[in-house]
Amino acid sequence: MFQAFKEWFWLERFWLPPTIKWSDLEDHDGLVFVKPSHLYMTIPYAFLLLIIRYFFERIIAIPVAKALGIQKPVQKIIPNAILENFFKNSTRQPLQTDIYGLAKKCNLTERQVERWFRRRRNQERPCRLKKFQEVCWRFAFYLMLTVVGTAFLYDKPWASDLWEVWNGYPRQPLLPSQYWYYMLEMSFYWSLTFSLGYDVKRKDFVANIVHHLAALSLMSFSWCANYIRGGSLVMIVHDAADIWLESAKMFSYAGWKKTCNILFLIFTAMFFITRFILFPFWILHCTLIMPLHYLEPFFSYIFLNLQLLLLQALHVYWGYLILKMLKKNILRKNVKDVRSDNEEEEEEDNDDEEEEEEATKGKERDCLKNGLGTNKHLIPNGQHSH
C-alpha cells in the first residue's frame, strides 16, 4: 500500500512539465541535479544548528546582553508556605474571595497577597535575558543568510535577468552554492520548529508553527520540482527584512527605545519594499507570467503559484499588523515585540511602580515619626502634613 502511494505521489505529471521524465534529471557528464533525497540532510543539520545555538547564546549572546545592560533579574519574594501551596495546587490567578481568605490566614493585607502572587508568577516567566538570547540568535542567523544569499546570487545571471530563471527549465543542474543555501535555510527553519517547545512561548505560538511548516513546505516543493533559481530569489527577498526586525527587538529588550524605533522604521520600510514591490512585481511576475512563454501550464506550476499567492495574502495581513503597531507604539515612542506577552510586561511594570510607591510611603512614615513633613521640614505641633 505504501509503495503504491509512493509511486502515485511521485508521478511525473505532478512535478514536471509534460514530456519531461525523472530520467531526464539524472546526473550525467559531471552535472548534478536536485533529488528529493537531498532534503533528508536538513534534519541532522537542524540538530547541529541547535547545538551551535546553545553555545552561541552562552558565549556570545549573554556577554552582548550584559554589555547592553540586560541582567538576569533576581525576584525578591518572601517565602510563605500557605501561599506557595495555593499557588501550586489551586491557581496562579486567585479570585478576590481567595485573596481575602488567604490574607486572613497569613495575617497579611490583601494588597500584600496580590503582590506576592504577582511576583511569584513573574518567577515562572522568562526574563528579558532569555528573550534577548533567542532574538540575538535569530538576528545573527538571518544576517548570515542574507550575506550568504547575496554572495551566492550576485554573479548569477538570473539575479539580474529573470528570463534566465526559466532558461532550460527543468534541465537545470544544481550548483554547490544553491545546495548549501537551501540546506542552511531549511535547516534553520527546522531548528526553529524543533525549539518551539522550550523557547519563550508567545501569543502566536500556533501561528509560528504554521509559518515554519508552510515555509518548509514551500522550500521542499520548490526543491523537488527544481524551482531552485526562483526559490533562492524568494528566500533572499524575505531574509533581507527580517534582520531589521530582530535587531529592533534586541534593542527593545535592552531599553534603547530610540535605537529600537529607528530600526523598526527601517524594518517597516524594508518590509513594504520587499513584500509589496519586489515580491509581487519581481518574483510573482517571474513565476506566474514568464514561464508561460516557455511552457504550457502544468500542475506544479499552478501549485507553486497558489502557494506564492497565499504568501502574498499573508504579507498583506502582516503589513496591516505592522502599520497598526507603528501607529500604536511609534507615535507613543514605544516599540514592543508584537509577539511578546503584554500582560506579563504590564505586571512587571506594575510591580516596579508599587515598589517605588511603597518605598515613598515608607520614607513619608519615617519622616512623620521624626516630626518632619514629606519635604523634610519640621511640622508645627497640632498640624498635619498635606
Side-chain angles (χ1 to χ4, degrees), residues 2 5-6 9-10 14-16 22 25-27 31-57 134-153 156 165 170 172-199 205-243 246 283 287 300 303-304 307-308 310-311 314:
F2 175 77
F5 172 79
K6 182 180 177 182
F9 184 80
W10 291 110
F14 291 149
W15 300 92
L16 302 173
W22 287 117
L25 301 181
E26 292 180 356
D27 300 346
L31 299 177
V32 178
F33 292 85
V34 296
K35 298 176 183 62
S37 59
H38 289 158
L39 298 182
Y40 294 146
M41 289 304 299
T42 59
I43 303 300
Y45 288 153
F47 285 107
L48 178 61
L49 285 181
L50 290 175
I51 296 172
I52 295 173
R53 172 183 170 177
Y54 175 85
F55 289 103
F56 174 90
E57 290 184 353
E134 294 180 8
V135 170
C136 188
W137 164 251
R138 291 200 299 270
F139 164 77
F141 211 88
Y142 279 128
L143 179 61
M144 187 197 72
L145 286 172
T146 303
V147 172
V148 167
T150 304
F152 286 168
L153 288 169
K156 303 300 184 292
V165 169
Q172 297 170 339
L174 176 66
L175 302 177
S177 60
Q178 292 172 318
Y179 173 84
W180 286 112
Y181 189 28
Y182 258 80
M183 291 298 110
L184 281 171
E185 192 89 28
M186 293 188 66
S187 300
F188 178 61
Y189 276 100
W190 275 124
S191 71
L192 291 180
T193 305
F194 296 153
S195 65
L196 281 172
Y198 63 83
D199 282 345
F205 177 79
V206 175
N208 263 326
I209 295 177
V210 173
H211 171 267
H212 297 340
L213 293 179
L216 287 165
S217 172
L218 183 56
M219 286 186 282
S220 299
F221 178 80
S222 68
W223 179 273
C224 294
N226 204 16
Y227 293 121
I228 305 297
R229 294 182 180 182
S232 59
L233 297 177
V234 172
M235 293 190 295
I236 191 68
V237 162
H238 284 76
D239 292 339
D242 291 335
I243 55 176
E246 302 302 336
I283 302 294
T287 61
S300 67
F303 187 70
L304 172 72
Q307 291 184 86
L308 294 176
L310 178 60
L311 182 58
L314 290 174

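- The side chain to side chain donor-acceptor pair (under 3.5 Å) test applied to Thr146 returns no partner, not counting sequence neighbours.
- Summarising the geometry of Trp137 relative to Glu57, their closest heavy-atom pair is CB-OE2, 4.3 Å, with the distance given to 0.1 Å.
- For the pair Ile236/Leu145, no side-chain contact is recorded, criterion being any heavy-atom separation below 4.5 Å from C-beta on.
- Surrounding CZ of Phe14 are more than 12 heavy atoms belonging to other residues, nucleotides or ligands, all under 6.0 Å away.
- Between atom CG of residue Asn226 and atom CG of residue Leu16 there is a gap of 8.5 Å, rounded to the nearest 0.5 Å.
- Interatomic distance, Leu218 CG to Met186 CE, rounded to the nearest 0.5 Å: 9.5 Å.
- To the nearest 0.5 Å, atom CD1 of residue Ile243 and atom CZ of residue Phe139 are 6.5 Å apart.
- Ionic pairing of Arg53 and Asp199 is present here: one or more N-O contacts between side-chain nitrogen and carboxylate oxygen are shorter than 4.0 angstrom.
- Expressed to the nearest 0.5 Å, how far CZ of Phe56 lies from CG of Leu50 amounts to 14.0 Å.
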Could you pull out every donor-acceptor pair under 3.5 Å between side chains of residues 37-49 and any protein atom, sequence neighbours left out?
unit_1 : atom_1 : unit_2 : atom_2 : d
His38  : ND1    : Lys35  : N      : 3.3
Thr42  : OG1    : Leu39  : O      : 2.6
Thr42  : OG1    : Trp190 : NE1    : 3.3

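- Applying the side chain to side chain donor-acceptor pair (under 3.5 Å) rule to pairs touching residues 177-188 yields Tyr182-Ser222, sequence neighbours excluded.
- The backbone N or O of Leu143 lies less than 3.5 Å from no partner atom in the side chain of Asp239, so there is not a single donor-acceptor pair.
- Atoms CG and OG, on Leu213 and Ser220 in that order, are 10.0 Å from each other to the nearest 0.5 Å.
- Leu308 and Thr287 make their closest contact through CD1-OG1, 3.5 Å (heavy atoms, listed as atom of the first residue, atom of the second, distance).
- Within the 3.5 Å criterion, the main-chain N or O of Ile228 finds a donor-acceptor partner in the side chain of Ser232.
- When all heavy atoms of Asp27 and Phe33 are compared, the pair lying nearest together is OD1-N, 3.0 Å.
- Contact annotation: the side chain of Phe141 never approaches that of Ser191 to less than 4.5 Å [non-hydrogen atoms, C-beta and beyond].
- Distance check: Phe188 CZ to Met235 CE gives 13.0 Å after rounding to the nearest 0.5 Å.
- Relative orientation of the Trp15 and Trp10 rings is parallel, given thresholds of 30° and 60° on the angle between their planes.
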